[in-house]
Amino acid sequence: MSETSRRATKAVIPAAGNATRFLPVTKAVPKELLPIVDKPVLQYILEEASAAGADDIVLVTARGKDSIVDYFDVRPDLEEALAAKGKTDAIEAIKAPERIAEINAIRQGRALGLGHAVGRAAAHVGDEPFAVLLGDEFCHLDDKLLPRMIDLQAETGGIVLALMEVPPEDVSRWGVASVNPTDTADVVEVTGLVEKPAVEDAPSNLILIGRYVLPGAIFPVLDATEPGRGGEIQLTDAMDTMRANGTPVHGVVFRGRRYDTGQPTEYLQTLVKLASERDDLPGFNAWLREFSATLE
Ligand code: UTP
């Protein structure tokens, strides 16, 4: 692999979906703003993008989800009210989201799929490489998945996916990659992608997680992509067209900490796990141990 292109400095965060698995709450509260105690999921995601150097952010939102953009905007009225009460820690807390990154919001008028949502960012991204971070999962910053992916994309100039191993019997819930090994232990060449295969048809137990680094050349391909599975314009279909036309596709096999919040059980697990690691929730872990014992 040779040094071919610049590093991605832009990130697209699709957050315009209907979040049907969380209804009814998502009728009024965007899934991406569900709290991990007192900090929304999306703030973790923006921090992940920014820490990887992709701090020029495009947030793709939709009708009824303006609170997403408001969350990252300034609140001078609240700052004044907190200042009058001497609550300096709270002022710092509300200013943190504003400081993470440069945020541009665009609308996806209809939830026509992930590929369609990413395509809305074409004018802002242009022909540069860019990262895509799905708005309902995040990785631990110390485990440095996104920086690794951005470095690899700058080397190959192609598509870089994030993959994780799951037990073979669980593959049917996910997109699954067929792969060849490379000389680098945590990098594979991706030779094909299948959505939610039957266990016996799955080409591997490596599933796609919600991180991608893509060349800007994907935008015209997305424009030309017809609706696929579920009537939605699929990012996977556009990536597969590029792969078939010779674009290199690699996967970084991630073995670090990933926090899924896209469905209720995984969201609750993430919430409890991260709450248990905090030292400012007195009595929580003692209660959790006691409560767990009652489940035996
Ligand atoms: P999901 O596949 O989880 O879809 O999207 P969803 O609508 O959020 O949730 P369910 O499946 O109905 O419960 C993954 C990410 O892609 C965004 C979502 O907002 C989420 O952050 N997305 C999905 C869009 O921005 N637009 C779409 O058309 C679809």
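Positions are given from 1, in the same order as the sequence printed here. Atoms considered below: every heavy atom in the structure, side chains included; atoms not considered: hydrogens, waters and symmetry mates. Every number for a ligand or one of its atoms is a count from 1 in the order of the listing.
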**Q** Under a heavy-atom criterion of less than 4.0 Å, does His116 contact ligand 1?
**A**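 No; His116 lies far enough from ligand 1 that no heavy-atom distance drops under 4.0 Å.
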**Q** Give the intermediate values and the outcome of side-chain hydrogen bond (donor to acceptor under 3.5 Å, both in side chains) for residues His116 and Glu232.
**A** CA-CA 8 Å; His116 182 257; Glu232 296 190 339; over 6 Å; no
**Q** Look at the rings of Phe219 and Phe130 and say which category their plane angle falls in: under 30° parallel, 30 to 60° tilted, over 60° perpendicular.
**A** parallel
**Q** Just jot down the ligand 1 atoms closer than 4.0 angstrom to any heavy atom of Ala111, in number order.
**A** 28 (O)
**Q** Look at Lys39 together with Glu47 and state whether they make a salt bridge at an N to O cut-off of under 4.0 Å.
**A** yes
**Q** Number the atoms of ligand 1 from 1 as they appear, then name those within less than 4.0 Å of a heavy atom of Asn18, with their elements.
**A**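 The list of qualifying atoms is 7 (O).
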**Q** Under a 4.0 Å N-O cut-off, is there an ion pair linking Asp201 with Lys196?
**A** no
**Q** List every atom of ligand 1 that sits less than 4.0 Å from any heavy atom of Arg21, numbering the atoms from 1 in the order shown and giving each element.
**A**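 Result: 1 (P), 3 (O), 9 (O), 10 (P), 11 (O), 13 (O).
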**Q** Considering heavy atoms of the protein only, find what lies nearest to atom 4 (O) of ligand 1 and give residue, atom and distance to 0.1 Å.
**A** Lys31 NZ, 4.3 Å
**Q** For ligand 1, which is the ligand I care about here, please tell me if Ala16 has any N or O atom under 3.5 Å from one of the ligand's N or O atoms.
**A**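 Min N/O separation from ligand 1 is below 3.5 Å for Ala16.
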**Q** For ligand 1, which part of Glu32 has a heavy atom less than 4.0 Å away: the side chain, the backbone, both, or neither?
**A**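 Side chain only; the backbone of Glu32 stays clear of ligand 1.
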**Q** Taking NZ, NE, NH1 and NH2 as the nitrogens, is one of them in Arg75 or Asp77 under 4.0 Å from a carboxylate oxygen of the other?
**A** yes
**Q** One thing to verify: whether Lys95 and Glu92 come together as a salt bridge, which I'm taking to mean a side-chain N less than 4.0 angstrom from a carboxylate O.
**A**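 A salt bridge is absent here (no side-chain N lies under 4.0 Å from a carboxylate O).
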**Q** When you check the gap from the basic side-chain N to the acidic O, do Asp143 and Arg148 get nearer than 4.0 Å?
**A** no
**Q** Is there any N or O on Gly17 that sits under 3.5 Å from an N or O of ligand 1?
**A**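 The answer is yes, given that Gly17 and ligand 1 share an N or O pair closer than 3.5 Å.
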**Q** In plain terms, say whether Arg243 and Asp240 are close enough for a salt bridge, that is, a side-chain N and a carboxylate O under 4.0 Å apart.
**A**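 Yes.
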**Q** Look at Glu79 together with Lys85 and state whether they make a salt bridge at an N to O cut-off of under 4.0 Å.
**A** no
**Q** When you measure from the heavy atoms of Asp136 to every atom of ligand 1, does any distance fall below 4.0 Å?
**A** yes
**Q** Among protein heavy atoms, which sits nearest to atom 17 (C) of ligand 1, and what does the distance come to when rounded to 0.1 Å?
**A**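 It is Pro14 O, 3.6 Å.
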**Q** At under 4.0 Å between heavy atoms, is it the side chain or the backbone of Leu112 that contacts ligand 1, or both, or neither?
**A** backbone
**Q** Once you restrict to heavy atoms under 4.0 Å, what part of Gln263 touches ligand 1? Side chain, backbone, both or neither.
**A**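 None of Gln263 does.
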**Q** Polar-atom distance check: Gly113 versus ligand 1, any N or O pair below 3.5 Å?
**A**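 Min N/O separation from ligand 1 is below 3.5 Å for Gly113.
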**Q** Could you check atom 12 (O) of ligand 1 against the protein and tell me its nearest heavy-atom contact, residue, atom and distance included?
**A**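 Minimum-distance protein heavy atom for atom 12 (O) of ligand 1 reads Thr20 OG1, 2.6 Å.
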**Q** Which of the atoms in ligand 1, numbered in the order shown and given with their element, are less than 4.0 Å from a heavy-atom of Gly135?
**A** 21 (O)
**Q** Ignoring hydrogens, what is the shortest heavy-atom contact between Arg278 and Ile36? Give both atom names and the distance.
**A**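 Minimum heavy-atom separation between Arg278 and Ile36: NH1-O, 4.2 Å.
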**Q** Distance under 6.0 Å and angle within 45° of the ring axis: does Lys273 meet both against Tyr259?
**A**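 No, Lys273 does not lie over the aromatic ring of Tyr259.
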**Q** Taking distance alone, with N or O pairs closer than 3.5 Å, would you say Arg110 contacts ligand 1?
**A** no
**Q** Could you tell me the residue and atom name of the protein heavy atom closest to atom 26 (N) of ligand 1, and the distance to it rounded to 0.1 Å?
**A**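 Result for atom 26 (N) of ligand 1: Gln108 OE1, 2.7 Å.
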**Q** Looking only at N/O atoms, are Ala117 and ligand 1 under 3.5 Å apart anywhere?
**A** no
